[in-house]
Each structure stands twice: as structure tokens, then as C-alpha cells.
Amino acid sequence: MNERHTGSESDDVDVVRAIYSAMADADIARLFELLNAECIVDQDARLPWGGRYIGHDGFADFGLRLRRHIESTVTTSALFAADGDVIQVGRTAGRTIDTRTQFDIDEVHRWTIRDGRAVAAHFSIDTPAMLRALGARAG
């Protein structure tokens with residue numbers, strides 16, 4: 001067993017599934033139960049909400065910045081354990097706040113789970129496609 005890992009892969013996938021459920025329900029209390037107090041979130045810094053965020057306050061700041069720019073829903077097509085992490089593959093679809101431009105973009109999220117809580121998340125999307133949507137003008 002990997003020394004860094006303290007739960008079963010199935011348990012880790014269940015934790016990530018619960019995180020997405022809490023995010024979809026806007027259940028912040030439940031979300032923070034599932035995130036380690038020192039959780040690190042990373043996303044491409046070219047995005048207006050991108051960068052590195054640390055802890056519960058950082059995760060909340062990430063979410064607020066994201067929502068200032070887009071309204072979106074994540075749809076998961078695959079969720080599985082790999083290399084000691086949990087990989088989520090799916091799409092993010094919605095619209096930009098400023099121009100109401102619609103988008104439907106591929107994304108992959110990589111979660112690191114320890115002791116039943118997320119300690120790290122790396123959110124990857126098709127950044128060029130998102131930047132095009134953000135730069136588009138309403139017609």
C-alpha cells in the first residue's frame with residue numbers, strides 16, 4: 001500500500017463523489033467536512049479564477065471568483081482511482097456572466113484524498129476554449 005494513502009481506493013472515490021454532491025447542492029458545511037483544513041486547489045492561472053488556493057477560505061475564495069465569471073454545471077463521465085489519486089473526467093457547461101456566452105468544455109479534475117478528506121485538487125479544463133468563451137462578445 002502507498003504510504004501516503006490511508007483509505008481504500010473505493011472510499012476515496014466515494015469521498016470525491018460526496019464532494020461533487022455537496023458542491024451541486026451548495027452544501028458548504030458538508031463540503032468543508034470533506035476538505036482538509038489545509039486543502040490546496042490549483043487551476044491554470046490564465047483563467048480569471050485560476051491560481052493556487054489554500055484551506056477552506058481559499059476554496060471559498062476560488063468558488064466566489066469562479067462564480068463572478070461563469071455559471072456552470074459539471075457533468076461527470078468517469079470517476080476512478082489512479083496512481084493514489086481520484087480522477088474525475090467530464091464536462092463543464094454553462095454561460096459566462098459578462099457576455100452570457102454559452103460553453104460546453106472538457107475538463108479533468110485530480111483529487112488527492114487522505115484520511116477521508118481532500119488534501120489537494122487540480123482542476124484542468126480546456127483553457128483555450130474557456131478563454132475564447134470569456135473573451136466573446138454577446139451578439
Side-chain angles (χ1 to χ4, degrees):
M1 180 185 274
N2 183 335
E3 282 186 56
R4 296 179 327 143
H5 190 266
T6 57
S8 76
E9 290 177 338
S10 175
D11 290 344
D12 292 351
V13 170
D14 289 343
V15 169
V16 173
R17 191 173 284 116
I19 289 170
Y20 285 105
S21 178
M23 286 192 292
D25 294 342
D27 186 345
I28 303 305
R30 177 68 177 137
L31 183 59
F32 284 175
E33 289 174 4
L34 297 164
L35 299 175
N36 180 283
E38 302 298 320
C39 183
I40 297 172
V41 174
D42 285 301
Q43 190 160 24
D44 191 326
R46 293 178 293 167
L47 295 164
W49 57 86
R52 175 169 273 208
Y53 300 86
I54 299 173
H56 290 168
D57 288 345
F59 196 92
D61 187 35
F62 170 80
L64 290 171
R65 287 178 188 228
L66 178 76
R67 291 185 183 276
R68 276 190 225 128
H69 295 281
I70 64 172
E71 297 172 346
S72 67
T73 301
V74 170
T75 303
T76 299
S77 58
L79 186 64
F80 57 91
D83 303 322
D85 286 335
V86 176
I87 309 301
Q88 181 272 353
V89 179
R91 302 191 65 76
T92 182
R95 63 184 176 186
T96 64
I97 299 298
D98 288 345
T99 64
R100 307 307 241 188
T101 301
Q102 300 288 321
F103 61 86
D104 186 354
I105 296 173
D106 290 313
E107 53 85 2
V108 175
H109 299 165
R110 184 177 193 113
W111 295 88
T112 304
I113 307 299
R114 301 290 175 260
D115 298 323
R117 292 182 175 197
V119 297
H122 186 89
F123 300 144
S124 298
I125 63 172
D126 181 344
T127 300
M130 181 57 78
L131 291 172
R132 284 192 300 274
L134 289 165
R137 299 289 174 232

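With a 4.5 Å cut-off on side-chain heavy atoms, W49 and Q43 count as touching. Residues R68 and L64 are in side-chain contact: their nearest non-hydrogen atoms beyond the backbone lie under 4.5 Å apart. A 4.5 Å side-chain heavy-atom check between R117 and D115 finds every atom pair outside the cut-off. Contact annotation: the side chain of D11 never approaches that of V15 to less than 4.5 Å [non-hydrogen atoms, C-beta and beyond]. The shortest distance between side-chain heavy atoms of L79 and I87 does not fall below 4.5 Å.
Contact record, F123 with F59: CZ-CE1, 4.5 Å, taken as the closest heavy-atom pair. Residues S124 and H109 come closest through the heavy atom pair N-CD2, 4.1 Å. R114 approaches G84 most closely through the heavy-atom pair NH1-O, 3.7 Å. Annotation for I125 and M130: closest pair CD1-CB, 3.6 Å, computed over non-hydrogen atoms. A pairwise comparison of heavy atoms in F103 and E71 identifies CZ-O, 4.0 Å as the closest pair. When all heavy atoms are compared, the tightest approach of A82 to R110 is O-NH2, 3.9 Å.
Atom CG of D57 has 12 or fewer neighbouring heavy atoms from other residues, nucleotides or ligands inside a 6.0 Å radius.
No continuous path of hydrophobic side-chain contacts links F80 to V16 [ILVMFWY only; heavy atoms under 4.5 Å]. Under the 4.5 Å side-chain heavy-atom criterion for ILVMFWY residues, no single connected hydrophobic cluster contains both I19 and V119. L35 is connected to Y20 through a chain of hydrophobic side-chain contacts under 4.5 Å among Ile, Leu, Val, Met, Phe, Trp and Tyr, so both are in one cluster. Under a hydrophobic-cluster definition in which Ile, Leu, Val, Met, Phe, Trp and Tyr are linked whenever side-chain heavy atoms come within less than 4.5 Å, directly or via other members, L131 and L66 are assigned to the same cluster.
Within the model, atoms CG of N36 and CD1 of I113 stand 10.0 Å from one another, a figure rounded to the nearest 0.5 Å. In this structure, H56 NE2 and L31 CG are separated by 7.5 Å, a value rounded to the nearest 0.5 Å. Rounded to the nearest 0.5 angstrom, T99 OG1 and L134 CG are separated by 7.5 Å. With values rounded to the nearest 0.5 angstrom, I70 atom CD1 is found 14.5 Å from R65 atom CZ.
For Q88 and W111, the side-chain atoms include no donor-acceptor pair closer than 3.5 Å.
Just one of T75, D126, D106 meets the side-chain hydrogen bond (donor to acceptor under 3.5 Å, both in side chains) condition when paired with R91; it is D106.
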